[in-house]
Protein chains: 2
Amino acid sequence: MTSVPVPPWRAERKKAPRRSLSREAIVTAALHVVDAEGLDALSMRRVAQELDTGAASLYAHVANKEELLELLLDRIQADVTRPEPDPERWQEQIKELARQGRGALVAHRDLARAAIGQGIPFGPNALLNAEAMLAILKAGGLSDQVCAYGVDALALFITATAVEESLRSQGFGESGVTLDEQIVRIREYFGSLPPEGFPHITGMVDALMRDEGDERFEFGLDLLVSGLARHAPA
Amino acid sequence: MTSVPVPPWRAERKKAPRRSLSREAIVTAALHVVDAEGLDALSMRRVAQELDTGAASLYAHVANKEELLELLLDRIQADVTRPEPDPERWQEQIKELARQGRGALVAHRDLARAAIGQGIPFGPNALLNAEAMLAILKAGGLSDQVCAYGVDALALFITATAVEESLRSQGFGESGVTLDEQIVRIREYFGSLPPEGFPHITGMVDALMRDEGDERFEFGLDLLVSGLARHAPA
DNA sequence: ACCTGAACACCGTTCAAGT
DNA sequence: ACCTGAACACCGTTCAAGT
């Protein structure tokens, strides 16, 4: 979707009105920007530039930046494949859906940050995924209210850990510090705290800083899912 | 900390160099702005205005806006009172600490949104609260790693629900729609979805939209805490 | 050392004017 | 109907100049 050089014999016709502009094209361009440069680089002007036009042109297809972000987040959610509910395996299926939801977010830099503070997502893909989660929880025999509170808690956890993950793998800001350097730095800082005032933090530095694959995420996910399982009938 | 009229006989002396500017004063002014107008209104210029000066003056005391937000979030955390760990009551104590942490955030409009994407908080109050949580979990007999992952999951949940709550009680944007109107609107939208494609969402509208005090938060909190309790030795 | 005004390089959004 | 350039009202941050 990036621009292609115009054939010279057509180049005279300045400002050929490309009919290429559309919601879809704008969302795609925005996703390119996020993937290449991160969420902070995503401005209406930057997206327009990607489409060889001006920021004002976007407003014919998109109400404002907030709507563009909504569309972007919903586009991302299309990557999730939803399993057919199997009552015997509902806990594993919920976890799989959660992993995919998180995966879809972390695959796009720090886009997850935009998901926070967006409120309930109403996009078509978001709704399909929510429906799928409810179906699985319901297949697990949970009550309507437990299902409802459950998807909510899971969604919050997925987004929050995705944000955490994106911060972790980005270092802090653009300060040029690598991830490893940053971790060493934090370890040292925690270690340097007065042990009288902070006996547990200083005593648990290793445990606090542990970063082994998705262990941290899986731990929290299991907390939630096995907690939900306790609400299922015996 | 708001300005007071200068006595007329001193007013001639224009631009009397008030020595009032300080980190503390800046954070206090910023908090006033957030409380009165919300996070989106918080700009360096707006904070400076509150202190009757220009934005540039703030940079002598604060590195940048990000640091100001860190200081703001840490200031808020000072409102939490930390209980003496009681091994018998560790689950209730953790919950109480979590409720306070969330309360401190939601007491300041949508400030919670700034806590997301801030990474691990290193402010003195944040560290004291983390230490207190670790102490209580440890008193509950949990292993170092469970304590570490536990505080992390709890912190994410507290912030995420605080953001959710602030969005909920703010309506959507400044569109002038009241909370009740917004809820009715969402209910209608959910209800209007095709039942064939969305049998669970349409069938659980009441459960999904239920908003009774802190029930939603307490449900998720209990999921996490009772999940942690399962990791405690019998 | 602290404070300031002015400037720089950006934003999101609007709007009259074009096709 | 769609697109555009220019403008409006903002941002965060820097910097030379003041005290």
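Just so you know, these numbers use all the heavy atoms, side chains as well, and skip hydrogens, waters and symmetry mates. Letters go in sequence order (proteins before strands), and every chain restarts at 1.
At whole-Å resolution of the value, CG in B:Leu58 and P in C:dA1 are 20 Å apart. Atom-to-atom, CZ of B:Arg46 to C1' of D:dG12 comes out at 17 Å; the value is rounded to the nearest Å. Atom C1' of nucleotide D:dA9 and atom CD of B:Gln49 are separated by 14 Å, given to the nearest angstrom. One can place CG of A:Asp40 at 13 Å from P of D:dG12, the figure rounded to the nearest angstrom. Here D:dC3 presents its P atom at 10 Å from CG of A:Leu51, a figure rounded to the nearest Å. When the P atom of D:dC10 is taken as reference, atom CG of B:Leu42 falls 16 Å away, rounded to whole Å.
Where pairing requires Watson-Crick or G-U contacts shorter than 3.5 Å, the helical stems of DNA chain D with at least three consecutive pairs are C:4-8 with D:12-16, C:12-16 with D:4-8.
Ion pairing of B:Arg185 with B:Glu188 is absent here, as no side-chain N (NZ or NE/NH1/NH2) approaches a carboxylate O to less than 4.0 Å. Ion pairing of A:Glu37 with A:Arg109 is absent here, as no side-chain N (NZ or NE/NH1/NH2) approaches a carboxylate O to less than 4.0 Å. Ion pairing between a basic and an acidic side chain is recognised when a charged N comes within 4.0 Å of a carboxylate O; A:Glu67 and A:Arg23 show such pairing. Between A:Arg99 and A:Glu218, at least one side-chain N (NZ, or NE/NH1/NH2) sits under 4.0 Å from a carboxylate O, which counts as a salt bridge.
A distance of 9.5 Å separates CG in A:Leu42 from CG in A:Leu31, rounded to the nearest 0.5 Å.
B:Pro199 approaches B:Glu196 most closely through the heavy-atom pair CD-O, 3.5 Å. For the pair A:Ala112 and A:Thr159, the tightest heavy-atom approach, listed with the atom from each and the gap, is O-CG2, 4.1 Å.
At least one donor-acceptor pair closer than 3.5 Å links the side chain of A:Glu131 to the backbone N or O of B:Ile201.
Between B:Thr53 and C:dC3 there is no side-chain polar atom (N or O) within less than 4.0 angstrom of OP1 or OP2. Between B:His61 and the phosphate of C:dA1, there is no side-chain N or O to OP1/OP2 separation shorter than 4.0 Å. Residue B:Ser43 places at least one side-chain N or O under 4.0 Å from the OP1 or OP2 atom of D:dC11.
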Atom pairs and distances, donor-acceptor, side-chain atoms in residues 207-217 of chain A, under 3.5 Å, two or more places apart:
unit_1   : atom_1 : unit_2   : atom_2 : d
A:Arg210 : NE     : A:Glu215 : OE1    : 2.6
A:Arg210 : NH2    : A:Glu215 : OE1    : 3.4
A:Arg210 : NH2    : A:Glu215 : OE2    : 2.9
A:Glu215 : OE1    : B:Tyr149 : OH     : 2.6
A:Arg216 : NH1    : B:Asp152 : OD2    : 2.9
A:Arg216 : NH2    : A:Leu208 : O      : 3.0
A:Arg216 : NH2    : A:Arg210 : O      : 2.7

What pairs of nitrogen or oxygen atoms, one from the protein and one from nucleotides 13-17 of chain C, lie under 3.5 Å apart?
unit_1 : atom_1 : unit_2  : atom_2 : d
C:dT13 : OP2    : A:Tyr59 : OH     : 2.7
C:dT13 : OP2    : A:Lys65 : N      : 2.8
C:dT13 : O5'    : A:Tyr59 : OH     : 3.3

